[in-house]
Amino acid sequence: SSNGKTIPPLSVDQLQLELSEDGSILVFANSNLKNPVVFTITNRKILSREIKTKGFTDRIQKKFSRELNNLRQLEPRIKWFDSPAQRELDLFGGRDFRDILSFYVSSLATVADTNSAIIQYIGRELYDLLIDPIYHEISAKNEITIIPDKLLSGIPFEALYDDTGHYLIEYHQIAYSPSAGMVKLNKQRNYSADRKPLLAIGNTYLQNSNANDNISNFSQLRASLDDMFKSPAGKFSATGLYSELGAGELPILIGGQSEIDVLQSIIPDMDALLAGRATEKQLKSMSYDGDLMDYQVLHFATNAIVMRSQPELSAIMLSDGDANSNGNDGYLRLPEIAKLKLRADLISLTHIDPGFGTRINNPGVIEIAQAFTISGAKAVSVSLWGSDQNIVNAYLSKLYEFVVEQGFNFARANTETKRYFISGAAGDEFKNPHFWASTVFHGEQAGKTFLTPPKIALLLSQGEQAPTTTKRPSKTTFKPKVEE
């Protein structure tokens, strides 16, 4: 809970009551153990099944022994920072499974010809391990909501590959949720149409990066965090702490302006906070005054960092022009995110560093989604790894065209955008899941959007098919390309 908001726990039986005939939920538990468990929930059945990982890990380690050994030789950027999580995995026997998941996501996140075979092989094996044993229970369901646990939080289930050569996203609409309680909370939220369409935050910069020379081991980090939490709200500046941990090395997001230009070409009446106006102080002030509650969508075209071992340090990086003002250091951390006042249908974060302080299959993204859900957002779209800015622009362009021109809600638009890439419509080279699987959707799948123009919205309300012949000017049509 944060800001007096508590998310009540929900039993499996209570969760079942939230499902429609077309919906299903997969709850994964104990993924840090040798044999995790999956609960399959539909409106008619609740089943549990143990996932035996040994055969899977043996096959992958035999086929990719050299690559996995190379991965294990890589030290985290701060080797003491991840030690508690590593000790837990060693104790309960889940380390091999973790390493394979890291290798899989690392392969997804890297553009290389050799990675395609790795992605397909491990994606196929993961499908057989996690999905195939329970697929007969969900095969007829259009919607699958996944509540992952620990290691599986960084896996894009959309990219798992079945024996017919198709990805899971081709047959089902997939969303994620941090917890069962948040599934119910999002279904209960019903925001009105009387809000502005979108606020984009971008072109941010950090000027202050004073290192904290007192931090050299995990205990000293813990002490520094304790000081931060004991300080009055908003009075502690963590700039030196982040710099010492290496966050100051993240570059300014050069492509943020082009990203905002894409959005403005589709939603011309959107608002933007840019550069020196996109500060932590400004965002908190807008929240305090209730202005953030006036937006349907908040889009962050800025860097963010996630940390598994210390999730309270995960943060969105804003401008720090007011860094000396009441602890507004430019890092909007999870506890601060959870205290914002929002009525947003969607929060979008397109640039997250997934490997900061840990290995790349980092579950910290789900904690960012949870913080925004607590603050009032119905859905959160986050990236699991970084992509070329042209790919990000192309993905956003197609997604918002589906929303604005065809009246799709954000969950369906995200699904159809992935299918657009898979179909080869963006170019055969962009069928690879590297280009479309990084963006994952957390939240309510049956939500509605008010971004659709009134004439199309009227047709949809009358049960007619929205027109699909509207064309954008060529200057706003984005075909993906990879920088030379």
Side-chain angles (χ1 to χ4, degrees), residues 1-29 39-43 46 141-150 152-153 157 173-195 287 290 292-298 300 311-312 314 316 332-349 363-382 409-414 440-450:
S1 65
S2 293
N3 196 26
K5 305 169 187 174
T6 301
I7 310 299
L10 210 63
S11 69
V12 172
D13 290 338
Q14 291 172 316
L15 187 59
Q16 185 181 35
L17 297 176
E18 301 300 319
L19 284 170
S20 67
E21 182 67 32
D22 204 28
S24 62
I25 296 177
L26 302 181
V27 182
F28 291 90
F39 294 89
T40 306
I41 308 170
T42 67
N43 65 336
I46 301 173
K141 308 297 183 183
N142 177 53
E143 298 174 0
I144 302 175
T145 296
I146 295 168
I147 303 178
D149 174 61
K150 294 185 182 294
L152 294 175
S153 299
F157 280 71
Q173 184 169 288
I174 297 172
Y176 301 81
S177 180
S179 69
M182 289 193 175
V183 171
K184 182 174 182 178
L185 178 65
N186 279 324
K187 286 183 179 294
Q188 292 174 333
R189 286 174 170 161
N190 187 22
Y191 298 143
S192 62
D194 59 343
R195 292 166 293 155
S287 172
L292 285 185
M293 298 177 73
D294 288 338
Y295 290 97
Q296 298 177 44
V297 179
L298 265 63
F300 290 87
E312 56 267 51
S314 296
I316 297 172
L332 187 68
R333 296 183 293 277
L334 293 195
E336 296 170 311
I337 290 171
K339 292 179 181 178
L340 297 175
K341 294 186 291 184
L342 306 175
R343 290 193 308 154
D345 298 327
L346 180 71
I347 305 294
S348 177
L349 298 101
V365 293
I366 207 165
E367 287 156 343
I368 290 180
Q370 178 172 303
F372 273 113
T373 303
I374 291 172
S375 70
K378 290 193 68 173
V380 184
S381 174
V382 295
N409 66 21
F410 289 112
R412 184 176 176 189
N414 187 56
V440 293
F441 181 90
H442 295 257
E444 170 56 29
Q445 297 210 48
K448 54 188 175 182
T449 175
F450 300 104

Any Phe372 side-chain heavy atom under 4.5 Å of Val382 side chain:
no

Measure the shortest side-chain to side-chain distance between Glu367 and Ser153 over non-hydrogen atoms and say whether it is less than 4.5 angstrom.
no

Is any side-chain heavy atom of Arg195 less than 4.5 Å from a side-chain heavy atom of Asp345?
yes

Would you indicate whether the side-chain heavy atoms of Asn43 and Glu21 approach each other to under 4.5 Å?
yes

Rounded to the nearest 0.5 Å, the CG atom of Leu26 sits from the CZ atom of Phe157 at a distance of 7.5 Å

Taking all non-hydrogen atoms of both residues into account, name the closest pair between Ile347 and Ala377 and its distance.
CG1-CB, 3.6 Å

Taking all heavy atoms of Lys339 and all of Pro335, pick out the closest pair and write down the distance.
CG-O, 3.3 Å

Between OG of Ser287 and CD1 of Ile337, what distance do you get to the nearest 0.5 Å?
11.5 Å

Test side chain to side chain contact (heavy atoms under 4.5 Å, CB included) on Gln16 and Ile25; report intermediate values, then the result.
CA-CA 8 Å; Gln16 185 181 35; Ile25 296 177; over 6 Å; no

Residue pair Glu444 / Arg189, side-chain heavy-atom distance below 4.5 Å
no

When you measure from the side chain of Asn414 to the backbone N and O of Phe410, does any donor-acceptor pair fall under 3.5 Å?
no

Just how far is it from atom CG of Leu346 to atom NE2 of His442, taken to the nearest 0.5 Å?
11.5 Å

Give the minimum heavy-atom separation between Ile316 and Phe300, together with the two atoms involved.
CG2-CD2, 3.9 Å

Of all heavy-atom pairs linking Leu19 and Ile41, the shortest is CD1-O, 3.4 Å

What is the distance from atom CD1 of Ile368 to atom OG of Ser314, rounded to the nearest 0.5 Å?
5.5 Å

Go through it in stages, so that I can follow the logic: the residues are Lys141 and Thr42, the test is side chain to side chain contact (heavy atoms under 4.5 Å, CB included), and I'd like the CA-CA distance, side-chain angles, deciding distance and then a yes or no.
CA-CA 9 Å; Lys141 308 297 183 183; Thr42 67; 4.0 Å; yes

Non-hydrogen side-chain atoms of Ile146 and Leu152 separated by less than 4.5 Å
no

Are the side chain of Asp22 and the backbone of Asn142 linked by a donor-acceptor contact shorter than 3.5 Å?
yes

Is Tyr295 close to Leu342 at the side-chain level, that is, under 4.5 Å between some pair of heavy atoms?
no

Any heavy-atom pair between the side chains of Thr40 and Ile46 that's under 4.5 Å?
no

Of all the heavy-atom pairs spanning Ser177 and Val183, show the shortest one and how long it is.
OG-CG2, 3.4 Å

So which atom in Gln296 and which in Ala193 form the shortest heavy-atom distance, rounded to 0.1 Å?
NE2-O, 4.3 Å

What distance separates Ile144 CD1 from Gln173 CD, expressed to the nearest 0.5 Å?
10.0 Å

Between the CD atom in Glu18 and the CD atom in Gln188, the distance rounded to the nearest 0.5 Å is 6.5 Å

Consider only side-chain N and O atoms of Thr145 and Gln445, and report whether a donor and an acceptor are under 3.5 Å apart.
yes

